[in-house]
Amino acid sequence: DQQVKQNSPSLSVQEGRISILNCDYTNSMFDYFLWYKKYPAEGPTFLISISSIKDKNEDGRFTVFLNKSAKHLSLHIVPSQPGDSAVYFCAAKANTGTASKLTFGTGTRLQVTL
Amino acid sequence: DVKVTQSSRYLVKRTGEKVFLECVQDMDHENMFWYRQDPGLGLRLIYFSYDVKMKEKGDIPEGYSVSREKKERFSLILESASTNQTSMYLCASSFTAEAFFGQGTRLTVV
(Lines give C-alpha, C1' and ligand atoms only; values in the text may rest on other atoms or scores of the structure.)
Protein backbone atom coordinates (compact mmCIF):
# COMPACT_ATOMS: atom_id res chain seq x y z
CA ASP A 1 0.00 0.00 0.00
CA GLN A 2 1.58 3.24 -1.19
CA GLN A 3 1.25 5.68 1.70
CA VAL A 4 2.97 8.52 -0.15
CA LYS A 5 1.96 9.06 -3.76
CA GLN A 6 3.38 11.20 -6.51
CA ASN A 7 0.95 10.71 -9.34
CA SER A 8 2.91 12.58 -12.00
CA PRO A 9 5.94 10.57 -13.08
CA SER A 10 7.26 13.47 -15.14
CA LEU A 11 6.89 17.20 -15.64
CA SER A 12 8.34 19.53 -18.25
CA VAL A 13 8.57 23.29 -17.59
CA GLN A 14 10.19 26.16 -19.44
CA GLU A 15 13.07 27.98 -17.84
CA GLY A 16 11.85 30.94 -15.79
CA ARG A 17 8.36 29.55 -15.26
CA ILE A 18 6.95 27.95 -12.13
CA SER A 19 7.32 24.22 -11.47
CA ILE A 20 4.69 22.63 -9.24
CA LEU A 21 5.27 19.12 -7.97
CA ASN A 22 2.50 17.37 -6.08
CA CYS A 23 2.38 14.71 -3.39
CA ASP A 24 -0.52 12.99 -1.62
CA TYR A 25 -0.42 10.87 1.50
CA THR A 26 -2.80 8.55 3.28
CA ASN A 27 -1.32 8.05 6.75
CA SER A 28 -2.69 10.60 9.22
CA MET A 29 0.19 9.78 11.60
CA PHE A 30 2.65 11.59 9.33
CA ASP A 31 3.81 14.75 11.11
CA TYR A 32 6.77 15.94 9.05
CA PHE A 33 7.28 16.13 5.31
CA LEU A 34 10.41 16.55 3.22
CA TRP A 35 11.36 17.02 -0.41
CA TYR A 36 14.53 15.49 -1.83
CA LYS A 37 16.20 16.09 -5.17
CA LYS A 38 18.11 13.35 -6.96
CA TYR A 39 20.46 13.51 -9.91
CA PRO A 40 21.31 10.29 -11.82
CA ALA A 41 23.99 8.14 -10.17
CA GLU A 42 23.92 10.26 -7.00
CA GLY A 43 22.18 9.96 -3.67
CA PRO A 44 19.15 12.13 -2.89
CA THR A 45 19.86 15.51 -1.31
CA PHE A 46 17.55 17.28 1.10
CA LEU A 47 15.76 20.30 -0.34
CA ILE A 48 13.10 21.62 2.02
CA SER A 49 10.78 20.38 4.75
CA ILE A 50 7.60 21.31 6.58
CA SER A 51 6.11 20.35 9.91
CA SER A 52 2.45 19.37 10.09
CA ILE A 53 1.78 22.37 12.34
CA LYS A 54 2.58 24.72 9.44
CA ASP A 55 0.97 25.19 6.05
CA LYS A 56 3.86 26.86 4.23
CA ASN A 57 7.63 26.93 4.31
CA GLU A 58 9.82 28.98 2.01
CA ASP A 59 13.51 28.79 1.19
CA GLY A 60 14.69 30.97 -1.66
CA ARG A 61 13.15 29.73 -4.90
CA PHE A 62 11.54 26.76 -3.16
CA THR A 63 8.23 26.81 -1.30
CA VAL A 64 6.40 23.84 0.15
CA PHE A 65 2.67 24.02 0.87
CA LEU A 66 0.82 21.59 3.12
CA ASN A 67 -2.94 21.02 3.11
CA LYS A 68 -3.58 18.65 6.01
CA SER A 69 -7.29 18.29 5.44
CA ALA A 70 -6.65 17.14 1.87
CA LYS A 71 -3.52 15.18 2.85
CA HIS A 72 -1.70 16.96 0.07
CA LEU A 73 1.55 18.85 -0.26
CA SER A 74 3.20 20.59 -3.14
CA LEU A 75 6.61 21.97 -3.99
CA HIS A 76 6.81 25.20 -5.97
CA ILE A 77 10.01 26.22 -7.71
CA VAL A 78 10.09 29.80 -8.96
CA PRO A 79 11.76 30.60 -11.28
CA SER A 80 12.71 27.21 -12.65
CA GLN A 81 16.28 26.80 -13.86
CA PRO A 82 17.90 24.13 -16.07
CA GLY A 83 19.91 22.92 -13.05
CA ASP A 84 16.63 22.02 -11.36
CA SER A 85 16.19 19.15 -13.81
CA ALA A 86 16.24 16.07 -11.58
CA VAL A 87 13.96 13.56 -9.91
CA TYR A 88 12.10 14.94 -6.91
CA PHE A 89 10.96 12.69 -4.09
CA CYS A 90 8.39 13.56 -1.49
CA ALA A 91 8.94 11.89 1.91
CA ALA A 92 6.98 11.71 5.14
CA LYS A 93 7.80 10.81 8.73
CA ALA A 94 5.34 9.26 11.17
CA ASN A 95 5.40 10.20 14.83
CA THR A 96 5.64 6.60 15.95
CA GLY A 97 8.25 3.91 16.32
CA THR A 98 11.85 3.76 17.36
CA ALA A 99 13.47 5.82 14.63
CA SER A 100 12.53 8.69 12.38
CA LYS A 101 12.19 6.58 9.30
CA LEU A 102 10.95 8.19 6.12
CA THR A 103 8.41 6.86 3.66
CA PHE A 104 9.08 8.02 0.12
CA GLY A 105 6.91 8.57 -2.91
CA THR A 106 7.75 7.20 -6.34
CA GLY A 107 9.28 10.43 -7.58
CA THR A 108 8.59 13.02 -10.29
CA ARG A 109 11.15 13.68 -13.00
CA LEU A 110 11.35 17.41 -13.67
CA GLN A 111 12.75 18.61 -16.97
CA VAL A 112 13.41 22.35 -17.25
CA THR A 113 13.75 23.34 -20.88
CA LEU A 114 15.43 26.39 -22.34
CA ASP B 1 29.06 18.70 6.21
CA VAL B 2 27.55 15.33 6.93
CA LYS B 3 29.25 12.62 4.98
CA VAL B 4 27.74 9.22 4.27
CA THR B 5 30.08 7.01 2.31
CA GLN B 6 29.17 3.79 0.56
CA SER B 7 32.05 1.47 -0.17
CA SER B 8 31.31 0.88 -3.86
CA ARG B 9 29.66 2.90 -6.63
CA TYR B 10 29.18 -0.09 -8.93
CA LEU B 11 29.14 -3.82 -8.23
CA VAL B 12 28.53 -6.84 -10.43
CA LYS B 13 27.88 -10.13 -8.66
CA ARG B 14 26.80 -13.60 -9.67
CA THR B 15 23.54 -15.25 -8.68
CA GLY B 16 23.93 -17.09 -5.37
CA GLU B 17 26.88 -15.04 -4.13
CA LYS B 18 26.86 -13.48 -0.68
CA VAL B 19 27.14 -9.73 -1.11
CA PHE B 20 28.18 -7.10 1.44
CA LEU B 21 27.36 -3.42 1.00
CA GLU B 22 29.12 -1.16 3.47
CA CYS B 23 28.13 2.30 4.67
CA VAL B 24 29.94 4.69 6.99
CA GLN B 25 28.74 8.02 8.39
CA ASP B 26 30.83 10.62 10.18
CA MET B 27 28.21 12.62 12.11
CA ASP B 28 27.56 10.36 15.08
CA HIS B 29 23.97 9.81 13.96
CA GLU B 30 21.84 7.35 15.90
CA ASN B 31 19.76 6.21 12.94
CA MET B 32 20.95 4.49 9.81
CA PHE B 33 18.92 3.13 6.89
CA TRP B 34 19.18 1.03 3.77
CA TYR B 35 16.87 1.78 0.85
CA ARG B 36 16.68 0.49 -2.67
CA GLN B 37 15.55 2.60 -5.60
CA ASP B 38 13.83 1.06 -8.59
CA PRO B 39 12.15 2.80 -11.55
CA GLY B 40 8.51 3.56 -10.83
CA LEU B 41 8.78 2.33 -7.25
CA GLY B 42 10.67 5.17 -5.60
CA LEU B 43 12.78 4.51 -2.52
CA ARG B 44 11.78 1.51 -0.45
CA LEU B 45 13.10 0.85 3.04
CA ILE B 46 14.88 -2.47 3.51
CA TYR B 47 16.18 -2.24 7.07
CA PHE B 48 17.02 0.43 9.59
CA SER B 49 18.93 0.71 12.83
CA TYR B 50 18.40 3.16 15.69
CA ASP B 51 21.39 2.11 17.80
CA VAL B 52 24.39 -0.17 17.77
CA LYS B 53 23.34 -3.82 17.42
CA MET B 54 19.68 -2.73 17.10
CA LYS B 55 17.86 -3.28 13.84
CA GLU B 56 14.33 -3.31 12.52
CA LYS B 57 12.81 -4.57 9.30
CA GLY B 58 11.59 -2.05 6.81
CA ASP B 59 9.06 -2.63 4.07
CA ILE B 60 11.03 -5.13 1.94
CA PRO B 61 13.48 -7.07 4.16
CA GLU B 62 13.17 -10.45 2.43
CA GLY B 63 16.50 -11.71 1.13
CA TYR B 64 18.49 -9.18 3.13
CA SER B 65 20.10 -8.89 6.54
CA VAL B 66 22.05 -6.10 8.24
CA SER B 67 24.79 -5.61 10.77
CA ARG B 68 25.60 -2.66 12.98
CA GLU B 69 28.54 -3.42 15.22
CA LYS B 70 29.74 0.19 15.46
CA LYS B 71 27.69 3.38 15.52
CA GLU B 72 29.24 4.77 12.34
CA ARG B 73 28.94 1.64 10.20
CA PHE B 74 25.87 -0.11 8.81
CA SER B 75 26.23 -3.09 6.49
CA LEU B 76 23.64 -4.61 4.18
CA ILE B 77 24.04 -8.29 3.38
CA LEU B 78 22.46 -10.15 0.50
CA GLU B 79 22.60 -13.72 1.73
CA SER B 80 22.26 -15.28 -1.73
CA ALA B 81 22.06 -12.70 -4.47
CA SER B 82 19.31 -13.04 -7.05
CA THR B 83 18.65 -11.16 -10.28
CA ASN B 84 15.63 -9.39 -8.75
CA GLN B 85 18.03 -7.71 -6.33
CA THR B 86 19.60 -5.79 -9.17
CA SER B 87 18.99 -2.22 -8.06
CA MET B 88 20.40 1.06 -6.76
CA TYR B 89 21.08 0.75 -3.04
CA LEU B 90 21.13 3.87 -0.92
CA CYS B 91 22.38 4.20 2.64
CA ALA B 92 21.28 7.09 4.83
CA SER B 93 21.79 8.36 8.35
CA SER B 94 19.84 10.77 10.51
CA PHE B 95 19.58 12.30 13.95
CA THR B 96 16.08 13.71 13.57
CA ALA B 97 13.81 13.61 10.52
CA GLU B 98 16.22 14.79 7.85
CA ALA B 99 18.14 11.87 6.40
CA PHE B 100 21.49 12.28 4.66
CA PHE B 101 22.23 9.89 1.85
CA GLY B 102 25.33 8.30 0.45
CA GLN B 103 26.10 8.35 -3.26
CA GLY B 104 24.49 4.97 -3.88
CA THR B 105 25.71 1.58 -5.04
CA ARG B 106 24.47 0.29 -8.37
CA LEU B 107 24.36 -3.49 -7.93
CA THR B 108 23.91 -5.79 -10.89
CA VAL B 109 23.31 -9.49 -10.25
CA VAL B 110 23.97 -11.69 -13.28
Side-chain angles (χ1 to χ4, degrees), chain A residues 1-10 21 23-25 27 29-54 57 59 64 66 73 86-109, chain B residues 1-6 8-10 21 23 25 27 29-61 66 68 74 87-107:
Chain A
D1 179 35
Q2 192 77 28
Q3 298 186 61
V4 178
K5 301 176 186 179
Q6 295 178 255
N7 292 318
S8 298
S10 64
L21 294 89
C23 179
D24 297 293
Y25 63 95
N27 189 344
M29 297 299 291
F30 288 145
D31 65 347
Y32 199 79
F33 303 89
L34 306 89
W35 284 94
Y36 281 81
K37 175 180 180 180
K38 188 180 184 298
Y39 293 117
E42 293 184 14
T45 54
F46 169 74
L47 199 55
I48 192 169
S49 62
I50 187 166
S51 166
S52 60
I53 62 172
K54 295 187 174 183
N57 189 27
D59 183 3
V64 56
L66 176 62
L73 64 155
V87 178
Y88 290 78
F89 290 99
C90 171
K93 179 189 77 69
N95 189 23
T96 56
T98 48
S100 298
K101 60 176 183 173
L102 299 177
T103 301
F104 284 82
T106 52
T108 297
R109 182 179 302 279
Chain B
D1 276 353
V2 174
K3 196 161 177 72
V4 180
T5 304
Q6 295 182 229
S8 304
R9 290 296 298 269
Y10 300 94
L21 302 183
C23 175
Q25 52 98 359
M27 282 301 291
H29 284 166
E30 305 291 333
N31 306 315
M32 294 190 76
F33 309 86
W34 277 104
Y35 290 87
R36 62 178 281 179
Q37 183 198 357
D38 300 289
L41 297 176
L43 275 68
R44 294 180 293 166
L45 182 63
I46 304 170
Y47 265 98
F48 65 100
S49 169
Y50 52 91
D51 201 352
V52 175
K53 297 192 187 295
M54 306 304 289
K55 61 187 179 185
E56 284 197 24
K57 294 179 180 179
D59 301 315
I60 51 165
V66 290
R68 193 162 180 206
F74 193 36
S87 187
M88 168 70 89
Y89 289 87
L90 293 159
C91 175
S93 72
S94 76
F95 181 65
T96 55
E98 182 185 341
F100 297 85
F101 283 84
Q103 77 277 27
T105 297
R106 169 71 63 185
L107 173 66

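Here is how names work: the chains are called A, B, and so on, in the same order as the sequence lines, proteins then strands, and each is numbered from 1. Hydrogens, waters and symmetry mates are skipped; everything else that's a heavy atom, side chains included, is used.
Contacts between A:Pro9 and chain B at a heavy-atom distance below 4.5 Å are absent for every atom of the residue. For a residue to count as touching a neighbouring chain, one of its non-hydrogen atoms must lie under 4.5 Å from one of that chain's; by this rule A:Ala41 touches chain B with backbone and side chain alike. Proximity to chain A (any heavy atom under 4.5 Å) is restricted, for B:Arg9, to the side chain, taken from C-beta onward. There is no contact between B:Gln6 and chain A, counting heavy-atom distances below 4.5 Å. With a 4.5 angstrom heavy-atom cutoff, A:Leu34 touches chain B only via side-chain atoms.
Residue A:Thr106 holds its OG1 atom at 10.5 Å from CD of B:Gln37, rounded to the nearest 0.5 Å. Atom CZ of A:Phe89 and atom CZ of B:Phe101 lie 9.0 Å apart (nearest 0.5 Å).
When each of B:Gly102, B:Pro39, B:Ala99, B:Gly104 is scored by its heavy-atom pairs under 4.5 Å with chain A, the top score falls to B:Ala99.
In this structure, A:Gln3 and B:Asp59 have side chains that are not in contact, with every pair of non-hydrogen atoms separated by 4.5 Å or more. Within the 4.5 Å cutoff, the side chain of A:Tyr36 has heavy atoms near those of the B:Glu98 side chain. Counting heavy atoms from C-beta outward, B:Glu56 and A:Lys101 have side chains that stay 4.5 Å or more apart.
Counting non-hydrogen atoms of neighbouring residues, nucleotides and ligands closer than 6.0 angstrom, the OH atom of A:Tyr39 exceeds 12 such neighbours.
Residue A:Phe104 forms a side-chain contact (heavy atoms from CB on, under 4.5 Å) with just one option from B:Leu41, B:Leu43, B:Leu45, and that option is B:Leu43.
The two residues A:Tyr32 and B:Ala97 make their nearest non-hydrogen contact at CD2-CB, 3.4 Å.
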